[in-house]
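To keep things clear, I will list the structure first and then write my remarks on it.
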Amino acid sequence: MAIYEIFSHPELRRYKTSIVSKASLFMFLILIITFIPPLIIVYRSYGFWLREATYREQPNIAFKKELILLLDLQNGPKTIVYSTFQQYNQLLQSQLRIPIVKAREDDLNGDGKYDRLNLDLEIPMAGEDQVVGTKLLLFFYYRLRKFSQFHMESLGYIEYTSCIPGASLHVFGDLRMRQKQLLGHRGTDVRFNDTLVNPLSPYADTYSLATIFRNYTDRNVTTVLQDANKIWASGRAADTPFKISAVINYPEESISYTPGFWNLIKWGWVQYVSVLLIFLYIFNKVKIFVFQHQLVPTVVESPGLMHNGIKDKFS
């Protein structure tokens, strides 16, 4: 007659011993080599501690309506200047030309943050003026809010030079953040929120581009006008203004920061457990083999044997 398995269940065996015994020493050694080596392996693989993390955030950027403009002329060493700093304008009154400035910032997706700056300048020119170079420095408020409350004053710089006198310059680019240092994961960071130009300074050197950029590049976090496409148009008619048109986007940024304590623990735990599971499986098999074959002396209790009033003893 054919037979078949109709039911099965595992048998529980208990291995008992005194505190001071070979079996206790064996279990202590197994415990050490099960939990300690995975920690060493993960640490030595340079993936245990998460030292740097990134996230994406749409920065809160606003044009401060402050700028410095320099136009290089072909017909002489004179440079036409304009700025929103009255002290600088007074220092260079002979070179000053007051333009018509139109600035508009758009919130394209309705999230409460500006996504683009549209800037138009019309600089009055004399008939003999021939513009061959443009330098335009723009000042912005820049804020991040998701992790650390990061605030700074930042810059966008536009420069173009041509051997052909121009009538207008069109610029299209993105204002992008550059990091030399990781941001914090919490708190308020206003290290770079100081004004880059003192508007009350009576010294021309304060407003020079060299001085401004010398101070600006010392910062660990800055902004730069990136991927700028520039269109230089020639053929300006006499007595017509020189025009500058800029469209500057404020794109979403990938921010690098130092993770907090709980983020480190969460990441380290995943790395550790992934290796620990392998060691637990291997050394569980080792323990079963050792105790089943009584390689170390123990007292074995089995529910089936205890039910019959029998207890196996090994010494």
Partner set under side chain to side chain donor-acceptor pair (under 3.5 Å) for [X], not counting sequence neighbours:
{"X": "E57", "value": "Y55"}
{"X": "T258", "value": "none"}
{"X": "R104", "value": "D106"}
{"X": "T195", "value": "none"}

How would you list, by chain and number, every residue that makes a side chain to side chain contact (heavy atoms under 4.5 Å, CB included) with [X], sequence neighbours excluded?
{"X": "A103", "result": "F63, L117, L119"}
{"X": "F35", "result": "L31, Y272, L276, L280"}
{"X": "T54", "result": "S254, S256"}
{"X": "V273", "result": "W269, L277"}

Under a 3.5 Å distance rule, please check whether [X] uses its side chain to pair with a backbone N or O of [Y] as donor and acceptor.
{"X": "S24", "Y": "I19", "result": "yes"}
{"X": "R236", "Y": "D129", "result": "yes"}
{"X": "S18", "Y": "V20", "result": "yes"}
{"X": "K102", "Y": "N118", "result": "no"}
{"X": "Q58", "Y": "Y250", "result": "yes"}
{"X": "Y160", "Y": "L169", "result": "no"}
{"X": "T223", "Y": "L175", "result": "no"}
{"X": "T240", "Y": "A237", "result": "yes"}
{"X": "R219", "Y": "F192", "result": "yes"}
{"X": "Q86", "Y": "Q90", "result": "no"}

How close do [X] and [Y] get, heavy atom to heavy atom, and via which atoms?
{"X": "F279", "Y": "P37", "answer": "CE2-CB, 3.7 Å"}
{"X": "A53", "Y": "P259", "answer": "CB-CG, 3.9 Å"}
{"X": "M152", "Y": "T222", "answer": "CE-C, 4.1 Å"}
{"X": "G184", "Y": "F147", "answer": "O-CB, 4.3 Å"}
{"X": "R97", "Y": "P124", "answer": "NH1-O, 3.0 Å"}
{"X": "W232", "Y": "I164", "answer": "NE1-O, 3.0 Å"}

Next on the checklist: Checking Q271 against Y43 for the side-chain contact (heavy atoms from CB on, under 4.5 Å) test, could you report, in this order, the C-alpha distance in whole Å, the side-chain angles of both residues, the deciding distance, and whether it holds?
Outcome noted: CA-CA 9 Å; Q271 306 300 308; Y43 182 80; over 6 Å; no
Once you round to the nearest 0.5 Å, how far does [atom1] of [X] lie from [atom2] of [Y]?
{"X": "T134", "Y": "K230", "atom1": "OG1", "atom2": "NZ", "answer": "9.5 Å"}
{"X": "E52", "Y": "Y257", "atom1": "CD", "atom2": "OH", "answer": "10.5 Å"}
{"X": "I36", "Y": "I41", "atom1": "CD1", "atom2": "CD1", "answer": "11.5 Å"}
{"X": "R176", "Y": "N249", "atom1": "CZ", "atom2": "CG", "answer": "10.0 Å"}
{"X": "N109", "Y": "E252", "atom1": "CG", "atom2": "CD", "answer": "10.0 Å"}
{"X": "H185", "Y": "K146", "atom1": "NE2", "atom2": "NZ", "answer": "15.0 Å"}

I'd like to know if [Y] and [X] are part of one continuous hydrophobic network [Ile/Leu/Val/Met/Phe/Trp/Tyr, side-chain heavy atoms within less than 4.5 Å].
{"X": "V286", "Y": "F28", "value": "no"}
{"X": "V296", "Y": "V300", "value": "yes"}
{"X": "L138", "Y": "V221", "value": "yes"}
{"X": "I61", "Y": "L225", "value": "yes"}
{"X": "I68", "Y": "V171", "value": "no"}

Next on the checklist: Using the rule given for side-chain contact (heavy atoms from CB on, under 4.5 Å), can you reason through D189 versus F150, listing the C-alpha separation, both sets of side-chain angles and the distance that settles it, and then say yes or no?
Outcome noted: CA-CA 5 Å; D189 189 344; F150 180 76; 3.7 Å; yes
Item to check | Step-by-step side-chain contact (heavy atoms from CB on, under 4.5 Å) determination, R191 to N220 | outcome: CA-CA 10 Å; R191 291 172 297 163; N220 293 320; 4.2 Å; yes
Checklist entry - Looking at F139 versus F85, is the centre-to-centre ring distance below 6.0 Å? => result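 Under 6.0 Å, so yes.
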With [X] via salt bridge (charged side-chain N to carboxylate O under 4.0 Å, His left out) - residues at least two apart:
{"X": "K64", "result": "E66, E153"}
{"X": "D115", "result": "none"}
{"X": "K135", "result": "D72"}
{"X": "R214", "result": "none"}

If we only count heavy atoms from C-beta on, is the [X] to [Y] side-chain gap below 4.5 Å?
{"X": "T84", "Y": "K65", "value": "no"}
{"X": "I278", "Y": "Y281", "value": "no"}
{"X": "E128", "Y": "L73", "value": "no"}
{"X": "I255", "Y": "M177", "value": "yes"}
{"X": "S154", "Y": "Y216", "value": "yes"}

Next on the checklist: Evaluate Y82 against L67 for side-chain contact (heavy atoms from CB on, under 4.5 Å), listing each step before the verdict.
Outcome noted: CA-CA 8 Å; Y82 171 75; L67 60 89; 3.8 Å; yes
Item to check | Residue from V101, D120, L136, V131 passing side-chain contact (heavy atoms from CB on, under 4.5 Å) with I244 | outcome: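 Only one option passes, and that is L136.
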Flag if over 12 foreign heavy atoms under 6.0 Å of [atom1], [X]:
{"X": "K243", "atom1": "NZ", "value": "no"}
{"X": "K180", "atom1": "NZ", "value": "yes"}
{"X": "I32", "atom1": "CD1", "value": "yes"}

Checklist entry - Aromatic rings H293 and F289: how do their planes relate, parallel, tilted or perpendicular, breaks at 30° and 60°? => result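 Correct class here is tilted.
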Checklist entry - Between N198 and T206, does any side-chain donor sit less than 3.5 Å from a side-chain acceptor? => result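 N198 vs T206: no donor-acceptor pair found between side chains.
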